[in-house]
*Asks:* 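Before we start, here is the structure in question, set down as structure tokens.
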Number of protein chains: 2
Amino acid sequence: MGRPSSFADEAVYAAVARSLVEAGEVRLQAVTKAASLSTGSLYHRFGSREGLMAEAWIDAVEAFQVKFLAALAMPSDVPGLPAALATPRFCRNAPDRAALLVSAREREMMSDKAPDALHARLAAANGKARNALSGFAKAQGLPLERVRLALIGLPLGAVRLYLPKAPLPELIEQDIAKAASALLKQA
Amino acid sequence: MGRPSSFADEAVYAAVARSLVEAGEVRLQAVTKAASLSTGSLYHRFGSREGLMAEAWIDAVEAFQVKFLAALAMPSDVPGLPAALATPRFCRNAPDRAALLVSAREREMMSDKAPDALHARLAAANGKARNALSGFAKAQGLPLERVRLALIGLPLGAVRLYLPKAPLPELIEQDIAKAASALLKQA
DNA sequence: TTTATTCTAGAATAGATGTTCTAATATGGG
DNA sequence: CCCATATTAGAACATCTATTCTAGAATAAA
């Protein structure tokens, strides 16, 4: 009951990401304009700037982790390779969320002043991902550091050469696969 | 002649980098406090916030490029490998500049309002680096995209897994070398 | 239709941060 | 020693941006 909302949260998150990319910073005025909502609506829904930033960040992080963890569990000739390729795929399929993950500093998205509940939610998601990575490394008999490089650092570094300005080149997956495979092979 | 300056530019750049890392943003008050200078001095030397940010950024970029280009010209069993390892070395030797390169968005450091001369200086440096990379790729018969990944994207992605919060692990060079070598080998 | 509830609207406000400005301070040369 | 020059100092100022606040609008239930 009550008046229905006139906007979707994701549209606001997208506006946050675009504002960050285009202006180099997030101004609420830019967000309200891009997402076509009033300051009143924004504060009614998100409570504060910190709340909005934190929600947008968590939305992107969780969306990525879902894909990443699913890929990590996929069987493959080179175990882990699908997870390494989850990053470029995510960038193609969810460009706004990817732009946020690639461009924003966690420090500026998760302010100390953000609601505790959101900090807890992010910590839970990160803990889950950490555990999955540790389990994978152990199962494969590989050092966790190397796994993190192959599955996260390398793919992120690769897409950051292009995003958020340019589209990803066609063969980026091939190069990521080549480098990741070298890291994932049993010594 | 005239009163001598009481501070070094590099100390101010370092304060900019630390402020960015610790607070998630650069506030002039934090910079003046950390570098122990007055607002008057800051404006006398840098003209504006945009000028300061641009100078700090260019200082870090140029310092890195000097090391990178020297490494790129070094002979090696795996041509290019020293350049790939220039990034972790730079992070160890010049942590403040590295923190800036790793944490800042170019967009926020090089404001449109920054002096044209600084924009030109950065463009010149970037052009030089671009040419060197292209020359290397051509000489090695490798696609430029792959070279950029091996020498820049991969090492950056690797160090970003740790910086600016944690120190680099000892064996990061080994892993970078392993992955970079796989990319740099002639197909 | 009436009422309770939820959301929208946007002008007004408060607070923070970049910038300016004038006086004071330190050096080298005449 | 005094002048010209360059730099420092920091309070006052101006601007910008987040936030608040009150009135109004849209829905469902009674």
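Residue numbers start from 1 in every chain, and the chains themselves are labelled A, B, ... in the order their sequence lines are given, proteins ahead of strands. Keep in mind that the numbers below use all heavy atoms, side chains included, and drop hydrogens, waters and symmetry copies.
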*Asks:* Look at the side-chain N and O atoms of R3(B) and state whether any lies under 4.0 Å from the OP1 or OP2 oxygen of dT25(C).
*Replies:*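 Answer no for this pair, as no side-chain N or O of R3(B) is under 4.0 Å from OP1 or OP2.
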*Asks:* Honestly, is R148(A) close enough over Y162(B), meaning NZ or CZ under 6.0 Å from the six-membered ring centre and within 45° of the axis?
*Replies:*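 Relative to the ring axis of Y162(B), which defines the angle, R148(A) lies inside both limits.
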*Asks:* Hey, what do you get for CG (L161(B)) to CG (L156(B)), rounding to the nearest 0.5 Å?
*Replies:* 11.0 Å
*Asks:* Heavy atoms under 4.0 Å, any strand shown: does F7(B) hit a base, just sugar-phosphate, or nothing?
*Replies:*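 The residue F7(B) makes sugar-phosphate contact but no base contact.
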*Asks:* Please report, rounded to the nearest Å, how far the P atom of dT19(C) is from the CD atom of Q29(B).
*Replies:*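 About 14 Å, once rounded to whole Å.
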*Asks:* Hey, which sits more toward the 5' end of DNA chain D by its nearest nucleotide, G40(B) or E25(A)?
*Replies:* G40(B)
*Asks:* Judged by each residue's nearest nucleotide on DNA chain C, which is more toward the 5′ side, M1(B) or R45(A)?
*Replies:*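 Checking each residue's closest nucleotide, the 5'-ward one belongs to R45(A).
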*Asks:* Over how many whole Å does the gap from Y43(A) atom OH to dT13(C) atom P extend?
*Replies:*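 Going from Y43(A) (OH) to dT13(C) (P), I get 17 Å.
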*Asks:* Please report the C-alpha distance between E62(B) and K128(B) in whole Å, then the side-chain angles of each, then the deciding distance to 0.1 Å, and finally whether the salt bridge (charged side-chain N to carboxylate O under 4.0 Å, His left out) criterion is met.
*Replies:* CA-CA 11 Å; E62(B) 288 183 341; K128(B) 186 178 167 188; over 6 Å; no
*Asks:* Run the side chain to side chain contact (heavy atoms under 4.5 Å, CB included) test on T87(A) and F64(A) for me, step by step, so that the C-alpha distance in whole Å, both residues' side-chain angles and the decisive distance to 0.1 Å come before the verdict.
*Replies:* CA-CA 8 Å; T87(A) 290; F64(A) 173 72; 3.4 Å; yes
*Asks:* In whole Å, what is the span from the NE2 atom of H44(B) to the P atom of dG18(C)?
*Replies:* 20 Å
*Asks:* Determine, stepwise, if the pair S38(B) / T32(B) fulfils side chain to side chain contact (heavy atoms under 4.5 Å, CB included).
*Replies:* CA-CA 6 Å; S38(B) 63; T32(B) 55; over 6 Å; no
*Asks:* Is the closest basic N to carboxylate O distance between E22(B) and K165(B) below 4.0 Å?
*Replies:* no
*Asks:* Tell me, what's DNA chain D's dot-bracket, Watson-Crick or G-U with both distances under 3.5 Å, | for other-strand, [ ] crossing?
*Replies:* ||||||||||||||||||||||||||||||
*Asks:* Using the heavy-atom set of chain B and a strict 4.0 Å cut-off, write down the first and last nucleotide of DNA chain D that makes it in, 5' to 3'.
*Replies:* dT5(D) to dA11(D)
*Asks:* Touch check for T39(B), heavy atoms < 4.0 angstrom, all strands: base, sugar-phosphate only, or nothing?
*Replies:*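 Since a base atom lies under 4.0 Å of T39(B), the category is base.
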*Asks:* Has R89(A) got its NZ or CZ under 6.0 Å from the middle of the six-membered ring of F68(A), at an angle within 45 degrees of the ring axis?
*Replies:*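 Checked: cation-pi criterion not met.
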*Asks:* Just checking V26(B): base, sugar-phosphate only, or nothing, at a heavy-atom cut-off of under 4.0 Å?
*Replies:*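 Sugar-phosphate, no base atom in range.
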*Asks:* For the pair made of CZ in R27(A) and P in dG18(C), what is the distance, rounded to whole Å?
*Replies:*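 My rounded result for the distance is 12 Å.
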*Asks:* Can you work out whether L42(B) or G2(B) has the more 5'-proximal nearest nucleotide on DNA chain D?
*Replies:*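 Nearest-nucleotide comparison on DNA chain D picks G2(B).
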*Asks:* Salt bridge or not for K178(A) and E173(A), using N-O below 4.0 Å?
*Replies:*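 No.
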*Asks:* Any salt bridge linking E108(B) with R105(B)? Criterion: basic side-chain nitrogen under 4.0 Å from a carboxylate oxygen.
*Replies:* yes
*Asks:* Would you mind classifying the nucleic acid contact of E50(B) as base, sugar-phosphate or nothing, using non-hydrogen atoms under 4.0 angstrom?
*Replies:* sugar-phosphate
